[in-house]
Amino acid sequence: MCRPDIFSIIDFAKRQGLEVTINTNAINLTEHVVEKLIGLNVDQVCVSLDGATPEVNDAVRGHGTFNKILTNLNKLVRLIKEKKSPMTTGLAFTMLRMNMHQLTDMFKLAVEIGVDAIDFMELYVSGNAYDNLDKYEFQYTREEAIYSLEMFAQYLRKNRGKFRRITVQLDSHVSLAKYLNRRYGAGIFFHGRNMDCRAGDEMWYMQADGILSPCGICNNPLYNMKVLRNGCYILERIKITEASLQNVEDSNYFRSFLEFKKKSKEKLRKSCTNCEHNNYCAPCPILHYDDEVIEECEAVRNRIKEFVSEMLTRKPQIAGDARWRASDEQIEVWDKSWTTWRKVEGMGVDIIKNILLQNENKTIKEIANMICMNYSPAKKDAVEEDVAYFMWDLYLAGYVKFV
Ligand SMILES: C[S@@+](CC[C@H](N)C(=O)[O-])C[C@H]1O[C@@H](n2cnc3c(N)ncnc32)[C@H](O)[C@@H]1O
Ligand code: SF4
Ligand code: SF4
């Protein structure tokens with residue numbers, strides 16, 4: 001947004017049929033700029049905000065930026081409405097130790113402003129974050145992140161119905177996003193790129209000076225030292241104005257990177273071997289080059305273990321106002337007013353018909369043992385986890401209570 005020719009670049013890109021999205025700090029989003037962006041049919045504008053209050057945001061983004069960002073963002077949302085533009089808007093929030101307590105407040109602020117999406121992003125230790133790592137405590141521990149996100153997910157579960165229109169996105173490991181959705185029904189969206197690297201084939205990255213790379217970290221010495229030293233791929237300086245698209249595809253850099261990526265995907269890490277997500281997930285080949293265990297996913301696994309072992313001691317019973325309609329193969333579980341329902345099949349039918357509806361006073365562990373004998377004796381842990389989640393789901397929906 002500092003370039004005087006930005007509008008010609010956007011215009012050119014749009015005329016090529018490209019989708020144009022802009023990530024900006026919003027400082028330059030004057031009324032004139034916003035009107036131009038709307039006129040050029042920019043598809044999305046995403047604004048960075050790193051705190052829900054001036055104190056927190058301004059400590060990261062600079063003094064006075066909170067008010068400026070909010071003024072400009074409100075203006076953007078207002079003009080989009082006035083001009084009936086299809087442009088969408090988003091807020092980008094980079095999670096840091098100093099703002100992790102504001103996840104819910106950030107969400108409320110995003111709803112209040114009226115943006116279409118809010119994106120919670122993980123910190124990359126680069127740029128100012130790298131230079132100031134010792135000065136400020138930017139980096140949170142895995143446990144801190146999970147705890148804060150769980151608090152936020154609980155808020156979402158209770159209030160999500162009121163705010164269906166806004167997309168909540170988490171740019172983190174797939175295991176974490178899936179856990180939050182399964183455990184809390186948080187309805188968090190996570191992008192395909194969190195599971196499968198797109199660099200070099202579906203995505204190319206161009207720096208402001210025209211230098212091309214598969215992605216922004218492939219040519220960043222903060223991250224690539226070790227992989228380059230081990231000859232995993234070959235770095236080249238390719239400038240967009242000096243190479244044809246074919247040259248780029250055929251370059252040693254792009255070809256060797258794609259080969260490295262393929263090999264990394266084939267080499268399953270220890271923590272991925274038994275992971276339920278491993279058929280569609282592949283951790284970053286560069287950031288996790290050395291890792292046998294993906295620390296982030298291990299922290300989630302530990303959290304799931306804690307949850308399951310706590311659930312196993314509980315005794316579920318049918319809640320007073322739950323409604324059921326049972327046939328041999330399936331059960332319909334209705335809400336109090338008989339308006340919404342869900343279908344339960346397979347082992348769930350057994351649990352409900354033979355245990356819960358018979359009023360048997362069993363712990364979830366005992367129920368899981370019975371199911372395990374009938375279905376898959378060899379998979380005790382997996383069955384315990386499944387039954388615990390199944391009961392938790394029914395509990396959240398108000399169909400069972402724990403005594
Ligand atoms: C490439 S950027 C920057 C766009 C714009 N210049 C700005 O400052 O907001 C896109 C997003 O990455 C975020 N970001 C910047 N540094 C980051 C870091 N070290 N780790 C994670 N996200 C970061 C920004 O907050 C922004 O929302
Ligand atoms: S453990 Fe591996 S496969 Fe599972 S979510 Fe994490 S990175 Fe993906
Ligand atoms: S190399 Fe890593 S950071 Fe780059 S796009 Fe792939 S997964 Fe993302």
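Just so you know, ligand 1 is whichever comes first in the structure, and atom 1 is the first atom listed for that ligand.
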Steps toward side-chain hydrogen bond (donor to acceptor under 3.5 Å, both in side chains) verdict (Asn247, Ser244): CA-CA 5 Å; Asn247 288 158; Ser244 70; 3.3 Å; yes
Sub-4.5 Å side-chain heavy-atom contact between Phe190 and Lys178: yes
Cys197 backbone or side-chain N/O/S under 2.8 Å from atom 6 (Fe) of ligand 3: yes
Part of Cys284 within contact of ligand 3 (heavy atoms, under 4.0 Å): both
Cut-off under 2.8 Å, centre atom 2 (Fe) of ligand 2, protein N/O/S atoms: Cys272 SG
Any donor-acceptor pair under 3.5 Å from Ser271 side chain to Glu298 backbone: no
Atom OH of Tyr395: over 12 foreign heavy atoms under 6.0 Å: no
Residue pair Glu259 / Tyr233, side-chain donor-acceptor N/O under 3.5 Å: no
Lys/Arg cation over aromatic Tyr179: Arg303, 6.0 Å, 45° cone: no
Aromatic plane relationship, His277 with Tyr280 - under 30° parallel, 30 to 60° tilted, over 60° perpendicular: tilted
Provide, line by line, the atom pairs where ligand 1 and the protein bring an N/O atom each to a distance under 3.5 Å; else say none.
{"residue": "ligand 1", "atom": "8 (O)", "partner": "Arg61", "partner atom": "NH1", "Å": "3.3"}
{"residue": "ligand 1", "atom": "9 (O)", "partner": "Ser48", "partner atom": "OG", "Å": "2.4"}
{"residue": "ligand 1", "atom": "9 (O)", "partner": "Arg61", "partner atom": "NH1", "Å": "3.4"}
{"residue": "ligand 1", "atom": "9 (O)", "partner": "Arg61", "partner atom": "NH2", "Å": "3.4"}
{"residue": "ligand 1", "atom": "19 (N)", "partner": "Tyr124", "partner atom": "O", "Å": "2.6"}
{"residue": "ligand 1", "atom": "20 (N)", "partner": "Tyr124", "partner atom": "N", "Å": "2.7"}
{"residue": "ligand 1", "atom": "20 (N)", "partner": "Tyr124", "partner atom": "O", "Å": "3.4"}
{"residue": "ligand 1", "atom": "22 (N)", "partner": "Thr94", "partner atom": "OG1", "Å": "3.4"}
{"residue": "ligand 1", "atom": "25 (O)", "partner": "Arg61", "partner atom": "NH2", "Å": "2.8"}
{"residue": "ligand 1", "atom": "25 (O)", "partner": "Thr94", "partner atom": "OG1", "Å": "3.4"}
{"residue": "ligand 1", "atom": "27 (O)", "partner": "Ser48", "partner atom": "OG", "Å": "2.7"}

N, O or S from Cys215 under 2.8 Å to atom 4 (Fe) of ligand 3: yes
Carboxylate-amine/guanidinium proximity below 4.0 Å for Asp43 and Lys14: yes
Phe12, CZ: over 12 other non-hydrogen atoms inside 6.0 angstrom: no
Heavy atom of Leu287, distance to ligand 3 below 4.0 Å: no
Tyr223 side chain reached by Ser126 side chain, heavy atoms, under 4.5 Å: yes
Heavy atoms of other groups near Lys267 NZ, more than 12 under 6.0 Å: yes
